[in-house]
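Numbering starts at 1 and runs along the sequence shown.
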Amino acid sequence: MRRGGNGVRFRAFLRLALTCPPFGMAVLLTAGMVLVNGGTDAPNAIAGCVASRAIRVKPASALAAACNLLGALAASLHPAVADTVAGLADFGTGREAVLALCAGMTAVVVWSAAAWLLGLPTSESHALIAGLSGASMAVHHGFGGLCWMPWRRTLIGLLLSTLPAFLAGMAANRLIVRFNRKKDRRRQAALFRRVQIMGGAAMAFAHGAQDGQKFTGVLLLSASLAQQTDLGAPPPWLTAAVAFLMAAGTSLGGQKIIRTVGVRMSRPEPYVSAAADLSAAALLTGAALVGIPASTTHGKTAALMGSAAARRMRAVNWRVAGEMAWAWVLTFPGCAAAGYIAARIFLKMG
């Protein structure tokens, strides 16, 4: 492998995966995480479109997959989020470091798959960060392995994708209502169905730009630990591989989460969903440009709640929103603990 602008070469990466079992396991686990992420976060981009009948599930899933792919590929031009994730925690070097990383990702896969089966739109991004941090804590027997600058950006992302996203969705809704107050409602409904589809596409693009980088960063970190050297910037082929794998997961859809976000929590009119999608997409894409790993699940859902609440507070099913909030709150301690325990087990077995 070579260090530099081209990063790790494909043949060297493949050879390392075949000759170093812990690294090969890390690659397989990350691939599983990318698929699950694409399958769980895709519904957040298309839920509003499907719920308002602006577009059917199958074409909406295909649109989301294509835009997800484009977003992940576009992010390779400025992989700031990948750099943040790759520098999140110190695992040491060599075989034990890769084993600890595998343990953290195992915890994330289990957590994310359980959320998928239950239909809960929990954040795989925060699960990833928590699981890796917990595994690093197991290696260092404390917080010494955590790198606080990337963690500070992560905490900013957590805040950015909750209350600011809620307020952005509310503000976008009120702007739309103000500029269309005197226009024919029936014609506007047809227009906003088209705008809503554009918003869903923008949201899928933002998801690819954010989450595609996160998993690229994990793969690059895994290779660096196995090779015990800094491999430089993510190479284009690695970004493309993650992008296509995520798009494949997106194409699977995820009707349970579509019902939870788009129907059970609120029944959005087209302009409500369009306001949420466009505001969340702008927020998340902006965060990706400055290297802040924000949660697409948090951002989209909070913006949808804010847009619905701008009409009236009763438009949001706060009980369902509370259930999802608890799932989000439990993600950090739950995944960190799972990552810690898994790392201790893996290190003893290894």
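- Put simply, CG on Leu158 and CD1 on Ile129 are 9.0 Å apart, with the number rounded to the nearest 0.5 Å.
- Pairing each heavy atom of Lys300 with each of Ala280, the nearest pair is CA-CB, 4.0 Å.
- Val290 shares a hydrophobic cluster with Ile156, Ile292; the chain of contacts runs through ILVMFWY side chains whose heavy atoms sit under 4.5 Å apart.
- With rounding to the nearest 0.5 angstrom, the OG1 atom of Thr216 is 12.5 Å from the CG atom of Leu221.
- For the residue pair Ala82 and Pro234, the shortest heavy atom distance occurs at CB-CG, 4.2 Å.
- For the pair Ser161 and Leu283, the minimum side-chain heavy-atom distance is 4.5 Å or more.
- Separating the CZ atom in Phe166 from the CE atom in Met170 is a distance of 4.0 Å, to the nearest 0.5 Å.
- The CG atom of Leu128 sits 4.0 Å away from atom CE of Met33, with the distance rounded to the nearest 0.5 Å.
- Following chains of ILVMFWY side-chain contacts shorter than 4.5 Å, one cannot reach Leu160 starting from Leu167, and the two form parts of different hydrophobic clusters.
- By the criterion of side-chain heavy atoms lying less than 4.5 angstrom apart, applied directly or through intervening Ile, Leu, Val, Met, Phe, Trp or Tyr residues, Val272 is not grouped with Ile55; the two fall into different hydrophobic clusters.
- For His298 (side chain) and Ala165 (main-chain N/O), no donor-acceptor pair under 3.5 Å exists by modelled atom type.
- Counting only distance, with no hydrogens or angles, the side chain of Ser279 and the backbone of Ala276 share a donor-acceptor pair below 3.5 Å.
- The OG1 atom of Thr30 lies 11.5 Å from the CG atom of Leu220; values are rounded to the nearest 0.5 Å.
- In the hydrophobic clustering of this structure, Val242 does not group with Leu69; members are Ile, Leu, Val, Met, Phe, Trp, Tyr whose side-chain heavy atoms approach within less than 4.5 Å, directly or through other members.
- A distance-only check finds no donor-acceptor pair linking the side chain of Gln213 to the backbone of Ala72 [under 3.5 Å].
- In this structure, Ser136 contributes its side chain and Asp90 its backbone to a donor-acceptor pair below 3.5 Å.
- Tested against Phe91, the residues Leu99, Leu225, Val98 include a single side-chain contact (heavy atoms from CB on, under 4.5 Å) partner, Leu225.
- Looking only at side-chain heavy atoms (C-beta outward), Leu132 and Val218 come within less than 4.5 Å of each other.
- At distances below 3.5 Å, not a single donor-acceptor pair connects side-chain atoms of Glu96 with backbone N or O atoms of Leu347.
- With hydrogens and angles disregarded, no donor-acceptor distance shorter than 3.5 Å links the side chain of Gln196 to the backbone of Ala54.
- Partners of Phe10 according to the ring-ring contact (aromatic ring centres under 6.0 Å, His included) rule, which considers only residues two or more places apart in sequence or in another chain, are Trp237.
- The shortest distance between side-chain heavy atoms of Phe143 and Trp151 does not fall below 4.5 Å.
- Looking only at distances, no side-chain donor or acceptor of Arg153 sits under 3.5 Å from a matching main-chain atom of Thr84.
- Both Val27 and Phe346 are assigned to one and the same hydrophobic cluster, defined by single-linkage of ILVMFWY side chains at heavy-atom distances under 4.5 Å.
- Annotation for Val195 and Leu278: closest pair CG1-CD1, 4.1 Å, computed over non-hydrogen atoms.
- Transitive grouping of hydrophobic side chains (ILVMFWY, heavy atoms separated by less than 4.5 Å) keeps Leu73 and Leu63 in distinct clusters.
- Residues Ser295 and Leu284 approach most closely at O-CD2, 3.7 Å, considering heavy atoms.
- Annotation for Phe244: atom CZ does not count as buried by contact number, only 12 or fewer foreign heavy atoms lying within 6.0 Å.
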Kindly indicate, with the supporting measurements, whether the criterion side-chain contact (heavy atoms from CB on, under 4.5 Å) is fulfilled by His141 and Arg344. CA-CA 10 Å; His141 303 285; Arg344 299 304 301 168; 3.2 Å; yes
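- From Thr154, atom OG1 reaches atom CG of Leu159 across 11.0 Å, with rounding to the nearest 0.5 Å.
- Across all their heavy atoms, Cys335 and Ala130 have their closest contact at CB-CB, 3.7 Å.
- At least one donor-acceptor pair under 3.5 Å links the side chain of Asn173 to the backbone N or O of Ser307.
- In terms of heavy atoms, Ser222 sits closest to Ala26 at OG-CB, 4.0 Å.
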side-chain contact (heavy atoms from CB on, under 4.5 Å) between Leu88 and Cys147, intermediate numbers included: CA-CA 5 Å; Leu88 189 69; Cys147 301; over 6 Å; no
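- Formation of a donor-acceptor pair under 3.5 Å by the His78 side chain with backbone atoms of Leu289 is found in this model.
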